[in-house]
Amino acid sequence: MEKQRQGKKRHLVVVPAPLQGHLTPMLQLASILHSKGFSITIAHTLFNSPDPSNHPNFQFLPFSDGISHQATDSISSHNIPSLVSTLAANCVSPFRQLLLHFTSENNIACIIYDGFMYFVESVAQQLCLPTLLLRTTSLTNVMAYHYIHRILAQGCLPLQDESVVPELEPLRFKDLPTFNFTNSDVLQNQLNIVQRGIKSSVGVIFNTADCLESQRVDELRQIHQVPIFPIGPFHSMAPDSCSSFLEQDYSCMTWLNEQAPRSVVYVSLGSIVTWEEKELTEMAHGLANSKQRFLWVVRGGRGISVEEWVKSLAEEVREAIEERGCLVRWAPQKEVLAHVAVGGFWSHCGWNSTLESLYEGKPVICQACFGDQRVNSRLVSHVWKVGVEWYCDDVVMDRREVEKAVKTLLADQQMWERAQELKRQLRQAVTQGGSSHEALLHLVDHILSIS
Ligand SMILES: O=c1ccn([C@@H]2O[C@H](COP(=O)(O)OP(=O)(O)O[C@H]3O[C@H](CO)[C@@H](O)[C@H](O)[C@H]3O)[C@@H](O)[C@H]2O)c(=O)[nH]1
């Protein structure tokens with residue numbers, strides 16, 4: 001076997017999408033494959049580019065994207081679809097030039113690209129290079145796209161129905177990842193992109209584990225007849241891969257060290273969604289009234305700085321923050337979730353945050369906002385039953401609801417125990433003989449077999 005492997009191409013070109021929740025898992029995957037003997041070149045946009053000094057084992061190749069002037073903060077849930085299509089329009093030519101030059105000097109085994117960077121597919125085909133697709137969401141989310149195709153064919157938009165989608169139970173129509181698509185043409189286009197990427201790749205990699213989504217893994221394999229590699233949670237296999245755009249404030253770890261076990265709720269609603277000042281204020285009142293301890297990632301509201309906002313709060317809330325709270329702009333989230341003082345996570349249910357929380361056995365208040373987050377929220381609360389479901393566009397942020405959810409999160413012993421069991425299963429999945437570990441070995445063999 002080893003002999004057969006000798007002489008195989010072991011160089012991978014990896015193309016991440018320039019968003020925090022996408023770059024992080026792609027660089028983690030690259031670290032994992034590097035540890036399996038592959039050399040890695042990261043081909044990336046100038047916009048939101050990764051910091052090469054954090055990844056001395058990789059080579060970095062930037063290509064022009066025409067949007068480098070934009071700041072990270074300008075990204076919101078509403079402009080992600082247009083960012084993705086702008087990248088597709090602007091990057092084909094620079095990426096082709098880069099790849100042409102690079103492949104003339106290097107033997108590439110294959111290209112691994114993020115589904116948002118779908119323009120990579122056509123360039124790779126022109127150069128006869130095989131591709132592997134990385135989807136950074138849950139596999140159930142990708143399955144949901146498959147069913148939206150059917151629902152659209154029956155003319156059932158808009159998808160705000162409370163009833164359950166039979167094939168995706170317990171997901172409801174309103175949980176499907178329609179992602180602010182205002183008309184069915186744009187949505188149809190997005191659906192075609194998702195399907196095409198899967199069909200034209202030599203395999204699809206997911207940051208997930210069998211113990212989370214085994215039924216969906218089998219379904220997706222049957223539908224598309226392509227190899228599927230569920231190898232997550234990536235972060236547990238690539239612990240030293242740092243790809244944060246913002247500086248992580250470690251002072252909160254000192255604060256956590258002073259708190260009692262399971263006494264703190266960690267609050268972080270992702271890298272994309274921003275809040276109105278009045279919503280932040282309701283959150284602050286609810287947290288203060290819960291009388292629980294809290295570590296809160298606050299990046300500011302729309303049009304207001306954190307300092308200005310804290311000053312504007314009622315005196316008793318400011319006192320509560322001082323006595324029982326810790327506010328940071330960006331936390332070392334994985335370390336925070338692993339800390340014994342943290343008893344639960346109030347999250348927007350981005351897929352990375354979801355996996356990081358499950359891996360540490362921390363129950364979740366699920367406050368999904370857009371895209372795949374409703375799917376994840378439903379999985380956490382109704383499939384794995386380790387969370388309390390709460391949708392932000394269904395409910396007005398209300399201090400009494402916040403107080404109730406926080407108290408439930410920290411007090412529900414059964415939910416805590418289910419979270420511990422899932423943590424045990426996830427840890428088993430990534431150790432030798434576990435499902436994710438085995439899937440990784442299959443992926444390595446698969447790459448070597450096509451090169
Ligand atoms: O203070 C913080 C807050 C977050 N993080 C990290 O930032 C990442 C955030 O990722 P995720 O939880 O997936 O949230 P988003 O950045 O919002 O992710 C986008 O991309 C994900 C993957 O496709 C989708 O699931 C989400 O819906 C989409 O919003 C995680 O690794 C966190 O550990 C920190 O390091 N510090």
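When a ligand or atom number is given, it counts from 1 through the structure's own listing order. The figures that follow rest on heavy atoms only: side chains count, while hydrogens, waters and symmetry mates do not. The first residue in the sequence is number 1, and the count goes up from there.
- With a 4.0 Å heavy-atom cut-off, ligand 1 is reached by no atom of His235.
- Considering only non-hydrogen protein atoms, atom 21 (C) of ligand 1 sits nearest to Gly21 O, 4.0 Å.
- Salt bridge Glu307/Arg329: present, at least one basic N to carboxylate O contact under 4.0 Å.
- Residues Glu219 and Arg216 are paired through a salt bridge, judged by an N-O separation under 4.0 Å between the basic side chain and the carboxylate.
- Nearest to atom 23 (O) of ligand 1 by heavy atom, out of Asn207, Leu269, Thr354, Thr136, is Thr136.
- For ligand 1, the atoms lying closer than 4.0 Å to a non-hydrogen atom of Val297 are 1 (O).
- Partners of Ala439 by side chain to side chain contact (heavy atoms under 4.5 Å, CB included), not counting sequence neighbours, listed by chain and number: Pro230, Ile231.
- Side-chain contact of Glu277 with Trp309: a donor-acceptor pair under 3.5 Å is absent, judged by distance alone.
- Atoms of ligand 1 lying under 4.0 Å from at least one heavy atom of Ser268, given by number and element, are 3 (C).
- Relative orientation of the Phe294 and Trp296 rings is perpendicular, given thresholds of 30° and 60° on the angle between their planes.
- Neither the backbone nor the side chain of Phe116 has any atom closer than 4.0 Å to an atom of ligand 1 (non-hydrogen atoms only).
- Remark: the Glu308 side chain and the Ser305 side chain contain an N/O donor-acceptor pair separated by less than 3.5 Å.
- Of all the heavy atoms of Asn352, the ones lying under 4.0 Å from any atom of ligand 1 are found in both the backbone and the side chain.
- Near His22, with a cut-off below 4.0 Å to any heavy atom, the atoms of ligand 1 are 20 (O), 23 (O).
- Among protein heavy atoms, atom 28 (C) of ligand 1 sits closest to Gln373 NE2, 4.0 Å.
- Contact annotation: for Ser353 versus ligand 1, heavy atoms closer than 4.0 Å belong to both the backbone and the side chain.
- Ligand 1 has a nitrogen or oxygen under 3.5 angstrom from a nitrogen or oxygen of Trp351.
- Salt bridge Arg172/Glu389: present, at least one basic N to carboxylate O contact under 4.0 Å.
- Between His446 and Phe229, the distance separating the two ring centers is shorter than 6.0 angstrom.
- Close contacts between ligand 1 and Gln248 involve ligand atoms 35 (O) [criterion: under 4.0 Å to a heavy atom].
- The aromatic rings of Phe60 and His55 sit tilted relative to each other, their planes meeting at an angle between 30° and 60°.
- Nearest protein heavy-atom neighbour of atom 8 (C) of ligand 1: Gln20 CG, 4.2 Å.
- Remark: Arg262 qualifies as a cation-pi partner of Trp416 under the 6.0 Å distance and 45° angle criteria applied to the six-membered ring.
- Near Tyr266, with a cut-off below 4.0 Å to any heavy atom, the atoms of ligand 1 are 1 (O), 2 (C).
- Among all protein heavy atoms, the one lying closest to atom 7 (O) of ligand 1 is Trp330 CZ2, 3.7 Å.
- Considering only residues two or more places apart in sequence or on other chains, Asp114 meets the side chain to side chain contact (heavy atoms under 4.5 Å, CB included) condition with Ala17, His22, Met26, Phe116, Met117, Thr136.
- In this structure, atom 16 (O) of ligand 1 lies nearest to the protein heavy atom Ser271 OG, 2.4 Å.
- Taking any N or O of Glu356, backbone or side chain, at least one lies under 3.5 Å from an N or O belonging to ligand 1.
- The contact set between ligand 1 and Phe370, taken as ligand atoms under 4.0 Å from a residue heavy atom, comprises 29 (O).
- His348 NE2, 3.0 Å is the protein heavy atom nearest to atom 17 (O) of ligand 1.
- At under 3.5 Å, not a single nitrogen or oxygen of Asn376, backbone or side chain, sits near a nitrogen or oxygen of ligand 1.
- A salt bridge between Glu403 and Lys407 is present, with a side-chain N of the basic residue lying under 4.0 Å from a carboxylate O of the acidic one.
- Which parts of ligand 1 touch Ala331 is read off a 4.0 Å heavy-atom cut-off, strictly below it: atoms 1 (O), 2 (C), 34 (C), 35 (O), 36 (N).
- Donor-acceptor pairing under 3.5 Å is recorded for the side chains of Glu121 and Tyr113.
- Of all atoms in ligand 1, listed by their number and element, those nearer than 4.0 Å to a heavy atom of Asp372 are 24 (C), 25 (O), 26 (C), 27 (O).
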